[in-house]
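This report concerns only the one structure given below.
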Number of protein chains: 2
Amino acid sequence: MKTDPHSVAALKQALQRLPGVGPKSAQRMAFHLLERDREGARQIGEAIQQSLSKVNHCRRCNNFSESDLCPICESDKRDPRVLCVLETPADLEAIELACIYRGMYFVLMGHLSPLDDIGPDQLGINALLKLVEEESVNEIILATNLTLEGQATADFLLDLFQDKNVKVTRLARGMPMGGELEYMDPATLNQAFADRRSA
Amino acid sequence: MKTDPHSVAALKQALQRLPGVGPKSAQRMAFHLLERDREGARQIGEAIQQSLSKVNHCRRCNNFSESDLCPICESDKRDPRVLCVLETPADLEAIELACIYRGMYFVLMGHLSPLDDIGPDQLGINALLKLVEEESVNEIILATNLTLEGQATADFLLDLFQDKNVKVTRLARGMPMGGELEYMDPATLNQAFADRRSA
């Protein structure tokens, strides 16, 4: 016998659209929202509706934005000659929190992933090319993740910009601050030795 | 510099109301919904709205229901003389899927948990007492989970019904089907030996 009311079953089904949420977690979430936190449920519904209607992409850097240009692209305090290319808004936030970079950004909103049908078109590579050509960009910093997909994406971009008149750099690779040799993986140690510098 | 548009920040905040979802998961979910699955986001919002407006509790068994009485309580094919007391709708679903029980249910919607301010009132114990008194219930099966909280809840209910004229039973405890002695915990083995039966 089906025991869930129709709208509870639909809620459990819908929650499984969230990444990392399977049938059991969805069940726990639905129970929690309906039995213990209806106010929270209302907030989630409201926030989804608001963001769906308001959030789009910045025309220039492709990051999420509620306006045509995001605050960073609109700012006159940023250096437009340096362009940092990132995978996600979360990466951008991490760099902004570190307060070490004053250039501009371009957010790919993902990485190349043929299995998921994410190719150059989905990442807005054309818009990136156009941006580099139209604005006086001197340096492109490829700051994708050091994962397989991130590195493949960076390699692809490196190829693209090789014959353009622009310097392309990548973030330094090596031991993270606070890292202990004992716990480092071989690939990181390898990189740290290969890129060692004079003390 | 704050880098998220206001409505994205609000969405990340709201998603943290879901159980087991912290800042990082919420960020991943918000990114996924806005960048990869706007249709899924619409479905979640819709399902939340629908269930908030439609789902209430069955007047008799306290389970989620869209009508005054849930289909099980309304059915004339169930035996009203046996009442199975459970913690959650998920437990009820598991029993219904097993197709072994034809009696009625009462769903506590939780277990006693003084730290979370969940006492007898929050579990609808008064409604349960009234139900047992008004209907001709012969047997109450206490089928709470075999966790500390579930067992404390069952002990509390056992005390309540001790001087009422009703038989109170609990589910058998022992080795689960397919279980291997080698991997059983001591408490389960202890119970399996104590409740051993003639072969």
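Letters go in sequence order (proteins before strands), and every chain restarts at 1. What you see is a predicted model, and the numbers here were worked out from it, not measured in a lab.
- Within 6.0 Å of CD1 on A:Ile100 lie more than 12 heavy atoms contributed by other residues, nucleotides or ligands.
- There is no path of hydrophobic side-chain contacts, each under 4.5 Å, that joins A:Ile141 to A:Val85.
- B:Leu157 and B:Ile95 are not part of a single hydrophobic cluster, where members link through side-chain heavy atoms under 4.5 Å apart.
- Contact count versus chain B (heavy atoms, under 4.5 Å) is highest, among A:Leu92, A:Asp37, A:Ile118, A:Asp4, for A:Asp37.
- When every heavy atom of A:Pro5 is checked against every heavy atom of B:Phe64, the shortest pair comes out as CG-O, 3.5 Å.
- Considering every non-hydrogen atom in both A:Thr3 and B:Asn63, the closest pair reads O-ND2, 4.2 Å.
- Note: B:Leu18 leads B:Leu18, B:Leu33, B:Asn56 in heavy-atom pairs under 4.5 Å with chain A.
- In the displayed structure, A:Lys164 atom NZ is contacted under 6.0 Å by more than 12 heavy atoms of other residues, nucleotides or ligands.
- Using a 4.5 Å cut-off between heavy atoms, B:His6 touches chain A through backbone and side chain atoms alike.
- Only the side chain of B:Arg36 comes within contact range of chain A, with heavy atoms under 4.5 Å apart.
- Only the side chain of B:Gln27 comes within less than 4.5 Å of a heavy atom of chain A; its backbone N, CA, C and O stay farther away.
- Residue B:Glu39 touches chain A through both its backbone and its side chain, counting heavy-atom pairs closer than 4.5 Å.
- A:Tyr101 and A:Phe106 are not part of a single hydrophobic cluster, where members link through side-chain heavy atoms under 4.5 Å apart.
- Of the atoms belonging to A:Lys12, it is side-chain heavy atoms, and not backbone ones, that fall under 4.5 Å from chain B.
- Surrounding CZ of A:Arg38 are more than 12 heavy atoms belonging to other residues, nucleotides or ligands, all under 6.0 Å away.
- Note on A:Leu171 and A:Val107: same hydrophobic cluster, where clusters join Ile, Leu, Val, Met, Phe, Trp and Tyr whose side-chain heavy atoms are under 4.5 Å apart, directly or indirectly.
- Shortest non-hydrogen contact noted between A:Ala10 and B:Ala47 is O-CB, 4.0 Å.
- Between B:Ser51 and A:Leu11, the shortest heavy-atom contact is OG-CD2, 3.6 Å.
- Between chain B and the options A:Gln13, A:Glu46, A:His32, heavy-atom pairs under 4.5 Å are most frequent for A:His32.
- Partner of B:Ser7 under the side-chain hydrogen bond (donor to acceptor under 3.5 Å, both in side chains) criterion, chosen from A:Gln50, A:Lys54, A:Glu66: A:Glu66.
- For A:Asp116, no part sits under 4.5 Å from any heavy atom of chain B, backbone or side chain.
- Within a 6.0 Å radius of CG in A:Asp163, other residues, nucleotides and ligands contribute more than 12 heavy atoms.
- Heavy-atom minimum distance, B:Leu52 versus A:Arg42: CD1-N, 3.8 Å.
- A:Gln49 places none of its side-chain heavy atoms less than 4.5 Å from the side chain of B:Ile48.
- The number of heavy-atom neighbours closer than 6.0 Å to CG of A:Asn165, taken from other residues, nucleotides and ligands shown, is 12 or below.
- Highest contact tally toward chain B, considering only A:Leu34, A:Val8, A:Val21, A:Leu15, is held by A:Leu34 [criterion: heavy-atom pairs under 4.5 Å].
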Exercise for the section: Output, in order, the C-alpha distance, side-chain angles, deciding distance and verdict of side chain to side chain contact (heavy atoms under 4.5 Å, CB included) for B:Thr88 and A:Arg28. Expected result: CA-CA 10 Å; B:Thr88 68; A:Arg28 197 160 63 101; over 6 Å; no
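- A:Val168 and A:Leu131 fall within the same hydrophobic cluster, defined by Ile, Leu, Val, Met, Phe, Trp and Tyr side-chain heavy atoms under 4.5 Å apart, directly or through other members.
- You'll find the side chain of A:Glu35 reaches within 4.5 Å of the side chain of B:His57, heavy atoms only.
- Across every non-hydrogen atom of B:Arg17 and A:Gly40, the tightest pair is NH2-N, 3.5 Å.
- Contact tally against chain A (heavy-atom pairs below 4.5 Å) for B:Ala90, B:Ser25, B:Ser67, B:Gly20: the top residue is B:Ala90.
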